[in-house]
Amino acid sequence: MINITLKDGSKKTFEPGITPEGIAGSIASGLKKKTVAAYVDGVVYDLNRPIYQHAEVDLITKDQPTAFEVLNHSTAHLMAQAVKRLYPDAKFGVGPPIKEGFYYDIATESTIKEEDLEKIEAEMRRIIKEQIPMVRDEYSEAEAKRLFHDDPYKLELIDELEDGEIISVYTQGEFVDLCRGGHVGNTKHIKHFKLLSIAGAYWRGDSDREMLQRIYGTSWFTKEDLDAHLAKLEERKERDHRKLGKQLRIFHLDRDAGQGLAMWLPNGYTIRKVLEDYVYDLERKAGYLHVSTPVLGTKKLYQISGHFDHYEEHMFPVMERDGESFVLRPMSCPHHMIIYNSELRSYRDLPIRLAEIVTMHRYEASGALTGLERVRAMTLTDSHIFVREDQIKQEVLAAYNLILRAIDDLGLKIDYVELALRDEEKGKFHDDDEKWDYAESVMKALLDEENISYREVKGEAAFYGPKIDIQVRTAMDHVITMSTVQLDFLLPERFDLTYIGQDGAKHRPVVIHRGLVSTWERLMSILLEQYKGAFPLWLAPIQMQLIPVNSEAHGEYANILHKYFIDKGFRSSIDAREEKLGYRIREGQTQKIPYQLVIGDNEVDTNTVTYRRYGEKAQKTVSLDAFVTLMQEEVEAKTKRH
RNA sequence: GCCCACGUAGCUCAGUCGGUAGAGCAUUUGCAUGGUAAGCAAAAGGUCACCAGUUCAAUUCUGGUCGUGGGCUCCA
């Protein structure tokens, strides 16, 4: 007999060979139904994997995240079996569970088309009906290699396993796959799934290797969960900034204007200008000095900085004129270095915080371009802070706090903070271990002292130094780098930056690179998706729409109000067209204008306005002054509506 | 850049098993004048992304180019 200790501390004895399913069934039949797999001494066991030793067992029930992974992993296998039946030459790469489902990478001479997914789904249902058990076996490396002798992908994976690691193989009817597990034990446990899309994916994620066909799918325990997930995917399409950007006339892309070269339409530019003014003011109050520098610069400038050597492939090609080489700038750091050096600096001058709204151009791979999210011409509020070493901590922290403030004002949420460090890869980072060690230790110490929790990522640093990246999760569930604070000991050296210290000697300043809220392009895509196009009042391109009931009777008063609002600094519009009231209201609603004001006899007679807030059905009549106060307070509150 | 799919009016889409196309909304013009999500009618609007090939004939079939989308790679 073996002793099984359950999670709640209770102990039970079983015959050796008992399975997690058996343990669950011995406790309650309801539990058996809910159990998908189990942790046995910390290792995930299949529902039907026998246990032969004394062990601690923690049953994994359907409501746990691990259960979703197990289910989706098993569904990936189920799909692979179906694919193998339909495409006998198919070989398989990897097929893991992912956050919202699973995928499997497939190599076959045939091209699997979107319309084939239905056929594969049908075959999967057939296999479910066959109630095929998923049986786990353990192999030695040599045995496993014999088993998969005609599958180059599996052989490569086996080769990379640690020596001595147990190689487990799952047999599911005629289908055999190398796999770590765990699984749901039998195909009959898989019920509610859908294959979603087909895409290309490089083998091992390496763009030099062949491309496999990847099928994405998702699998759930209940039909309700599956339907809810599919509805969520639909809902995401409604939030897509490309769709909203067109509907609300925010930006425009045109093939003749250039791929990835977005044009801002009046509505979009209005929002951008509000953001620019907001950031300018925020920085001004935080002691930043604003500058402006050209979009074009010499190639030499970027050779001095080292950018050209590291990023030439991401820059537009060099232009030649008068025997000199020019490039479109991919960033502004070098210009700011030159500005710093344009006069003699004293230790008393530092820190010097230079800021600029910078337009820059980067050559992004054509396949990477996406709406406003990934473009080739972008504008961002960039800053370089020149400090003495003793000022690093206070200035990094101040920049960090400014970022927190801006993200909060925009109504966005930080997902996590990342500390990007270098790794050993040669040539990727500039070569000065002493400086690197120091810079990395300064960043770590600062985060630790301030109790900021963060994830360390090796190899993600800039070539000139470590960086703190602030990651935001978008409404589309993408994690993106919103803001960054980077420490740089390299560029000051390359540009020979100095200041005169208290001792009268020359010293080298340190540069802090700071990106506040990504680029306007990317920020706009995030805000569109975040607010589903219904912008908070302070950002809304049109804040109120005035609708006179009858333009003859009420048009004059409406016009007076309109001018009054404009004078007060609001973005007002008036719709006095000879159209039905309902028609004009509908149009304002589809444009998601925050306030609609209908002006009729009542309003003219009593000097009031009747408004309807976007998203609400109710109408309210208030005095003109009360309305203006309401608007001002809401603009002031930014995203925090009272 | 790579794999797959897609590209029809300003927008959203239908259609042509090869005989140069249609709807709704938007636009323009009449008529209607109204209290919270589409009043009625008419007109105008398209080299069916572009370039080749096959064919008596191509928007439709084939090839290429460009663009867009889903992914992969990349993202200072």
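Labels below follow one simple rule: chain letters A, B, ... track the order of the sequence lines, proteins then strands, and each chain is numbered from 1.
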(request) Could you pick out which residue, A:R362 or A:I198, lies toward the 5' side of RNA chain B when each is mapped onto its nearest nucleotide? (result) A:I198

(request) Determine the Euclidean distance between corresponding P atoms of B:G30 and B:A9; express it in Å to zero decimal places. (result) 29 Å

(request) Look at A:S207 and B:C72 and indicate whether a side-chain polar atom (N or O) is within less than 4.0 Å of OP1 or OP2. (result) no

(message) Partner lookup for B:C72, please. Criteria are Watson-Crick or G-U wobble with both distances under 3.5 angstrom; report none if nothing qualifies.
(response) B:G1

(request) Give a yes/no answer on whether the side chain of A:R255 brings an N or O atom under 4.0 Å of OP1 or OP2 in B:A49. (result) no

(request) In whole angstrom, give me the gap between the P atoms of B:C31 and B:G7. (result) 43 Å

(message) Roughly how many Å apart are B:G39 and B:A32, using the C1' atom of each and rounding to a whole number?
(response) 7 Å

(message) OP1 or OP2 of B:C72 versus the side-chain N and O atoms of A:Q213: is any pair under 4.0 Å?
(response) no

(request) Sort out the partner of B:U36 for me: Watson-Crick or G-U wobble, both distances under 3.5 Å, none otherwise. (result) none

(message) Salt bridge or not between A:K467 and A:D488? Use side-chain N to carboxylate O under 4.0 Å.
(response) no

(request) For A:H314, report the nucleic acid contact type (base, sugar-phosphate, nothing); a contact means any heavy atom under 4.0 Å. (result) base

(request) Kindly point out which of B:C4, B:U33, B:G70 is positioned nearest to the side chain of A:E578? (result) B:U33

(message) Check this for me: does the side-chain of A:R374 come within 3.5 Å of the base of B:C75 through a donor and an acceptor?
(response) yes

(message) Let's test your reading of the model: under 3.5 Å, does the base of B:G35 pair with the side chain of A:E603 as donor and acceptor?
(response) yes

(request) Using whole Å, report how far CD1 of A:I599 lies from P of B:G34. (result) 17 Å

(request) Go ahead and name the base partner of B:U62; Watson-Crick or wobble counts if both distances stay under 3.5 Å, otherwise write none. (result) B:A52

(message) Say we look at B:A52 and B:A58: how far apart would their P atoms be, to the nearest angstrom?
(response) 12 Å

(request) Check the angle between the aromatic planes of A:H77 and A:H73 and answer parallel, tilted or perpendicular using the 30° and 60° thresholds. (result) perpendicular

(message) Please name the nucleotide paired to B:A43 by Watson-Crick or G-U wobble geometry with both distances under 3.5 Å, or report none.
(response) B:U27

(request) Report the nucleotide, chosen from B:C4, B:G1, B:G34, that has the shortest atom-to-atom distance to any side-chain atom of A:K113. (result) B:C4

(request) Look at the side chain of A:E364 and decide which nucleotide, out of B:G1, B:G35, B:C74, has an atom nearest to it. (result) B:C74

(message) On RNA chain B, compare the nucleotides closest to A:Q486 and A:S197; which residue's is nearer the 5' end?
(response) A:S197

(request) Report the distance from atom OH of A:Y611 to atom P of B:U36, rounded to the nearest whole Å. (result) 18 Å

(message) Looking at A:R329 and A:T359, would you say the former's side chain and the latter's main chain have a donor-acceptor pair under 3.5 Å?
(response) yes

(request) Ignoring the backbone of A:M331, work out which of B:U33, B:G70, B:A76 is nearest its side chain. (result) B:A76

(message) By nearest atom, which of the nucleotides B:C74, B:G34, B:U36 is closest to the A:V598 side chain?
(response) B:U36

(request) Give the nucleotide from the list B:A37, B:G71, B:G34 with an atom nearest to the side chain of A:R214. (result) B:G71

(message) Check this for me: does any side-chain nitrogen of one of A:R514 and A:E395 sit under 4.0 Å from a carboxylate oxygen of the other?
(response) no

(request) For B:C25, take OP1 and OP2 only and decide whether either is under 4.0 Å from a side-chain N or O of A:R586. (result) no

(request) In whole angstrom, give the distance that lies between atom NE2 of A:H513 and atom C1' of B:A76. (result) 10 Å

(message) Is the phosphate of B:G70 approached by A:Y103 (side-chain N or O, under 4.0 Å from OP1 or OP2)?
(response) no

(request) When you get a sec, tell me which of B:U73, B:G71, B:C75 is the closest nucleotide to the side chain of A:R522? (result) B:C75

(message) Tell me the interatomic distance from A:K617, atom NZ, to B:U36, atom P, rounded to whole angstroms.
(response) 9 Å

(message) What contact category does A:T610 fall into here, base, sugar-phosphate, or nothing, at under 4.0 angstrom with non-hydrogen atoms?
(response) base

(message) Applying a 4.0 Å non-hydrogen cut-off, can you work out what A:Y583 is touching in the nucleic acid: base, sugar-phosphate, or nothing?
(response) sugar-phosphate

(request) Under 4.0 Å between any heavy atoms, over every strand shown, what does A:G306 touch: base, sugar-phosphate, or nothing? Just pick one. (result) nothing

Hey, can you pull the donor-acceptor pairs under 3.5 Å for the side chains in residues 245-254 of chain A, sequence neighbours left out?
| from | atom 1 | to | atom 2 | distance (Å) |
| --- | --- | --- | --- | --- |
| A:D254 | OD1 | A:D256 | N | 2.7 |
| A:D254 | OD1 | A:A257 | N | 3.2 |

(request) Measure the acute angle between the ring planes of A:F463 and A:Y311, then classify it against the limits of 30° and 60° as parallel, tilted or perpendicular. (result) tilted

(message) Once you apply a heavy-atom cut-off of 4.0 Å, does A:G205 come out as touching a base, just sugar-phosphate, or nothing?
(response) sugar-phosphate

(request) Take atom P in B:C4 and the same atom in B:G63, then report the distance between them in whole Å. (result) 12 Å

(message) Once you measure the plane-to-plane angle for A:Y611 and A:F627, does it fall in the parallel (<30°), tilted (30-60°) or perpendicular (>60°) bin?
(response) tilted

(message) With a 4.0 Å limit, can you tell me whether A:K246 has a side-chain N or O closer than that to the phosphate oxygens OP1/OP2 of B:G10?
(response) no

(request) Give the nucleotide from the list B:A76, B:U36, B:C72 with an atom nearest to the side chain of A:Q619. (result) B:U36

(message) Without decimals, in angstroms, what is the distance between A:H310 NE2 and B:C74 P?
(response) 18 Å

(message) With rounding to the closest Å, how many angstrom separate the C1' atoms on B:G70 and B:U60?
(response) 26 Å

(message) Taking any heavy-atom pair under 4.0 Å as a contact, classify A:G367: base, sugar-phosphate, or nothing.
(response) base

(request) Could you check which of B:G34, B:C2, B:A37 has an atom nearest any side-chain atom of A:M211? (result) B:C2

(message) With a 3.5 Å limit on both atom pairs, tell me what B:C6 is paired to, counting Watson-Crick and G-U wobble, or say none.
(response) B:G67

(message) When you measure from the side-chain N and O atoms of A:R584 to the phosphate of B:G39, is any distance below 4.0 Å, counting only OP1 and OP2?
(response) no

(request) Name the closest nucleotide to the A:R577 side chain, picking from B:C74, B:U27, B:G34. (result) B:U27

(request) Answer yes or no: side-chain N or O of A:Y363 and base N or O of B:G1 forming a donor-acceptor pair under 3.5 Å. (result) no

(message) Taking CD in A:E552 as the centre, count heavy atoms belonging to other residues, nucleotides or ligands within less than 6.0 Å. Is the count above 12?
(response) no

(request) Any strand is fair game: report the nucleotide pairing with B:U20 by Watson-Crick or G-U wobble, both distances under 3.5 Å, or none. (result) none

(request) Flag the pair A:F495 / A:Y340 as yes when their ring centroid distance falls below 6.0 Å, and as no otherwise. (result) no

(request) Have a look at A:D601 and say if it touches a base, only the backbone sugar-phosphate, or nothing, with a 4.0 Å heavy-atom cut-off. (result) base

(message) With a sphere of 6.0 Å drawn around CD of A:E156, does it hold more than 12 non-hydrogen atoms of other residues, nucleotides or ligands?
(response) yes

(request) With P as the reference atom in both, quote the distance from B:U29 to B:G34 in angstrom, rounded to an integer. (result) 22 Å

(request) To the nearest Å, give me how far apart CD (A:E579) and P (B:C40) are. (result) 11 Å

(request) Let me know the distance between CD of A:E373 and C1' of B:G69, rounded to the nearest Å. (result) 13 Å

(message) Whole angstroms only, please: what is the OH-P distance between A:Y216 and B:C3?
(response) 17 Å

(request) For B:G15 and B:C56, measure between their C1' atoms and round to the nearest Å. (result) 25 Å

(message) Within the 4.0 Å heavy-atom criterion, would you say A:D206 contacts the bases, only the backbone, or no part of the nucleic acid?
(response) nothing

(message) Does B:G67 have OP1 or OP2 under 4.0 Å away from a side-chain N or O of A:Q259?
(response) yes

